[in-house]
Protein chains: 2
Amino acid sequence: MKEGPDIAQIGALIGDPARANMLAALTGGRALTATELAGVGGITLQTASTHLAKLEAGGLLSQRKQGRHRYFTLADEAAARLIESMMGFAAGRGHLRHRPGPKEPALRKARICYDHLAGDYGVRMLDSLIASGAIEAVGEGLALTEKGESDLARIGIDVGNLRSSRRPLCRSCLDWSERRAHLAGSLGKALLASFLDKGWARRTAESRSITFSPEGDRQFLRLFPVEM
Amino acid sequence: MKEGPDIAQIGALIGDPARANMLAALTGGRALTATELAGVGGITLQTASTHLAKLEAGGLLSQRKQGRHRYFTLADEAAARLIESMMGFAAGRGHLRHRPGPKEPALRKARICYDHLAGDYGVRMLDSLIASGAIEAVGEGLALTEKGESDLARIGIDVGNLRSSRRPLCRSCLDWSERRAHLAGSLGKALLASFLDKGWARRTAESRSITFSPEGDRQFLRLFPVEM
DNA sequence: TTCATAGTTCGATCGTAACCGAAGCATTGT
DNA sequence: ACAATGCTTCGGTTACGATCGAACTATGAA
């Protein structure tokens with residue numbers, strides 16, 4: 001009965017609390033150094049180093065050295081989606097790490113999921129794009145319409161440019177806090193990037209959460225209204 | 001930095017080889033007793049019992065007792081999809097449990113994935129359904145067309161009946177051996193059930209693989225041709 | 001009743017892996 | 001050249017959990 005892929009290996013990799021914390025932190029999208037990751041894992045640098053080596057060998061992480069720092073990121077989008085899907089499953093079963101803390105609400109409102117917007121705002125954005133006919137939804141699949149392409153051009157997003165990448169334009173990603181889909185893919189990435197670029201929102205220092213400025217908040221809600 | 005769901009818990013659950021083997025076996029869809037699962041896990045009954053209790057507490061398994069037996073199955077489709085997605089990731093990284101064995105080819109050709117057809121035949125079936133216009137694909141999403149509904153009625157599948165269930169009709173599921181999508185959802189389940197019912201194929205005793213009879217093989221290939 | 005099969009619980013053993021201190025490289029800055 | 005920072009490797013300790021034997025409960029059969 002030893003058929004098929006070895007899920008125990010990656011399960012064990014994710015199964016250690018220190019490693020899981022590091023992976024969760026990296027879902028925030030920014031590259032972190034070994035020392036920073038040791039911090040989020042609650043362990044010393046030595047221990048973190050061996051953990052990171054294992055995660056890299058297992059194909060979950062990739063590193064690039066820059067000067068005397070070593071920056072770690074999730075290996076690719078597939079790794080990010082695996083972690084996110086595990087979060088979704090865990091959240092659905094009530095496996096939370098503690099009772100909701102002070103930072104929790106901010107995290108539920110808007111956060112980074114690898115490289116796109118998640119949380120209440122992420123779900124709202126996708127809902128609004130579908131309601132306005134910019135994106136067409138079939139089952140779990142998403143496709144940008146012609147109307148969507150021109151709508152997006154108007155707010156400064158060049159879709160033609162995004163198409164050239166091998167990565168899918170639209171992808172739906174299950175949000176673990178909202179339990180509904182939000183927009184991933186290169187378009188999801190581009191939208192978040194534009195919000196940050198416009199100064200509507202910024203990433204918080206040591207967390208996955210995203211904070212909107214009062215002005216940015218207003219613009220965002222105007223751009224992506226909820227239908228009644 | 002202790003935000004969000006606890007992925008370490010379920011990671012650790014899947015991370016033990018014995019438990020992972022049991023879960024993989026249960027992906028075959030049929031309910032197995034504790035003794036059988038002890039067998040696939042390569043452990044004694046006592047050990048298996050504690051493992052199964054943990055898996056159930058973690059929300060991955062559910063059991064129903066029947067006489068003096070205790071039948072275990074994956075808790076629900078979400079659990080099945082989590083396992084499958086981990087298999088997909090593991091296979092993509094080359095984390096195999098051994099060099100391809102004798103049973104491997106049969107498994108790659110046709111196997112059960114929770115309750116629907118997977119492997120080469122599963123992928124072929126979906127490809128053919130899309131090519132014939134029975135199913136429309138948008139991104140990762142799948143939708144049955146009117147033509148598809150009448151096509152299916154002709155081979156004895158009542159789609160209206162399936163729609164009444166809360167479960168989605170069409171779902172795409174990533175195949176770990178083919179690395180492409182096959183058809184899941186209640187329609188995927190119904191199709192496999194009809195093949196088994198017609199005697200075209202049958203499940204093998206102790207494995208996830210499915211064997212087609214010569215006649216069933218011919219019928220299947222006629223029904224789901226590959227376009228050139 | 002008695003026996004057999006299926007499964008759980010307890011207790012003890014044992015192995016592995018997480019962990020950290022200390023020492024060793026590598027890179028940058030002065 | 002020297003010091004400081006970032007990270008890795010080595011060695012030894014420790015703790016947790018997987019494992020099984022043995023005893024116990026439950027269901028079914030003779």
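Predicted, not measured: the structure shown is a model, and the values here were computed from it. Convention: sequence-line order gives letters A, B, ...; per-chain numbering from 1.
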**Q.** Under 4.0 Å protein heavy-atom contact, by nucleotide of nucleotides 14-27 of chain D - B base, S sugar-phosphate only
**A.** ----SSBBB----B

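- A/Thr204 and A/Ser209 are linked by a side-chain donor-acceptor pair at a separation below 3.5 angstrom, with hydrogens and angles left out of the test.
- What separates CG of A/Leu37 from C1' of D/dT8 is a distance of 15 Å, to the nearest Å.
- For B/Arg70 and D/dG28, the CZ to C1' distance is 15 Å, given to the nearest whole Å.
- In this structure, A/Glu56 contributes its side chain and A/Ala53 its backbone to no donor-acceptor pair below 3.5 Å.
- Secondary structure note: stems in DNA chain D built from 3 or more consecutive Watson-Crick or G-U wobble pairs under 3.5 Å occupy C:1-30 with D:1-30.
- Using modelled atom types, one side-chain atom of B/Ser194 and one backbone atom of B/Leu191 make a donor-acceptor pair closer than 3.5 Å.
- The 12-atom threshold is not exceeded at CZ of A/Arg202, counting heavy atoms of other residues, nucleotides or ligands nearer than 6.0 Å.
- Checked by atom type and distance alone, the side chain of B/Thr33 never pairs as donor or acceptor with a backbone atom of B/Arg70 at under 3.5 Å.
- For the pair A/Gln63 CD and C/dA26 C1', the computed distance is 14 Å after rounding to whole Å.
- You'll find the ring centres of A/Tyr121 and A/Phe224 outside the 6.0 Å limit.
- B/His69 places its NE2 atom 13 Å from the P atom of C/dT8, with the value rounded to the nearest Å.
- Both tests pass for A/Arg111 against the ring of A/Trp176: distance under 6.0 Å to the centre and angle within 45° of the axis.
- Across the protein-nucleic acid pair, B/Glu36 atom CD and C/dT5 atom C1' stand 14 Å apart, rounded to whole Å.
- Under the 30°/60° scheme for interplanar angles, the aromatic rings of A/Phe195 and A/Trp200 are found to lie parallel.
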